[in-house]
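Some notes on the structure that comes next.
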Amino acid sequence: MRKPRDFDAELEALNDKARQLKERKLRQLGELVVATGADALAIEQLAGLLVAGVESKDPGAKESWRKRGAAFFQGSRRAGGSAGTNPRGAQADDSSAPPAERQDRA
């Protein structure tokens, strides 16, 4: 005769795993903020920048941001794997910056 499955225990294990993944994601996002140097911004500026990026409808700008992000991570890998060695990544012109950031600098 088969042993019945303990659905409660399986559900609890899945909930624990989901909680661990969420905590890991939050920790990695915080590390990314520090590694990029964005922790130097006021919290309101950082939030505004992120909101502008999410709300952006310009696929060209989003692709440009993706390329800059990829270059940042590739640069940090070449520098020994530490994202903190080049905290600002490759600084290009502000044409690829989100609209909120460009307005702040004007």
Side-chain angles (χ1 to χ4, degrees):
M1 190 167 186
R2 278 186 10 182
K3 179 180 174 185
R5 288 177 66 177
D6 187 354
F7 290 107
D8 290 334
E10 290 179 26
L11 183 59
E12 184 64 29
L14 288 173
N15 285 334
D16 287 344
K17 181 68 174 177
R19 192 176 315 111
Q20 289 172 354
L21 290 172
K22 185 175 181 178
E23 289 172 4
R24 183 173 138 205
K25 180 180 179 179
L26 288 172
R27 186 174 49 253
Q28 287 175 336
L29 285 171
E31 290 171 356
L32 181 61
V33 168
V34 172
T36 60
D39 59 328
L41 296 174
I43 194 72
E44 294 85 3
Q45 288 176 317
L46 180 58
L49 183 65
L50 292 170
V51 168
V54 169
E55 291 176 347
S56 175
K57 304 289 187 223
D58 182 5
K62 287 186 176 188
E63 177 60 18
S64 176
W65 300 337
R66 187 200 62 76
K67 287 179 181 177
R68 287 183 72 181
F72 172 80
F73 286 116
Q74 289 174 350
S76 64
R77 274 189 233 126
R78 286 188 202 120
S82 172
T85 56
N86 188 6
R88 295 277 180 188
Q91 290 292 321
D93 65 335
D94 283 345
S95 63
S96 63
E101 183 178 282
R102 280 188 254 138
Q103 289 174 355
D104 289 346
R105 293 185 181 184

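For the pair Ala35 and Phe72, the tightest heavy-atom approach, listed with the atom from each and the gap, is O-CZ, 3.8 Å. Contact between Val33 and Leu46 at its shortest, heavy atoms only, is CG1-CD2, 4.1 Å.
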*Give the C-alpha distance, both sets of side-chain angles, the deciding distance and a yes or no for side chain to side chain contact (heavy atoms under 4.5 Å, CB included) between Glu10 and Leu14.*
CA-CA 6 Å; Glu10 290 179 26; Leu14 288 173; 5.5 Å; no
_I'd like to know whether Leu11 forms a side chain to side chain contact (heavy atoms under 4.5 Å, CB included) with Asn15, so could you lay out the CA-CA distance, the side-chain angles of the two residues, the decisive distance to 0.1 Å, and finally the verdict._
CA-CA 6 Å; Leu11 183 59; Asn15 285 334; 3.9 Å; yes
*Any chance you could lay out the side chain to side chain contact (heavy atoms under 4.5 Å, CB included) test for Gln28 and Leu32, step after step, and finish with the verdict?*
CA-CA 6 Å; Gln28 287 175 336; Leu32 181 61; over 6 Å; no
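How far CG of Leu29 is from NZ of Lys25: 6.5 Å, rounded to the nearest 0.5 Å. To the nearest 0.5 angstrom, Leu21 atom CG is 11.0 Å from Asp16 atom CG.
Not counting sequence neighbours, Asp8 has no partner by the salt bridge (charged side-chain N to carboxylate O under 4.0 Å, His left out) test. Here Arg24 pairs with nothing under the side chain to side chain donor-acceptor pair (under 3.5 Å) rule; sequence neighbours left out.
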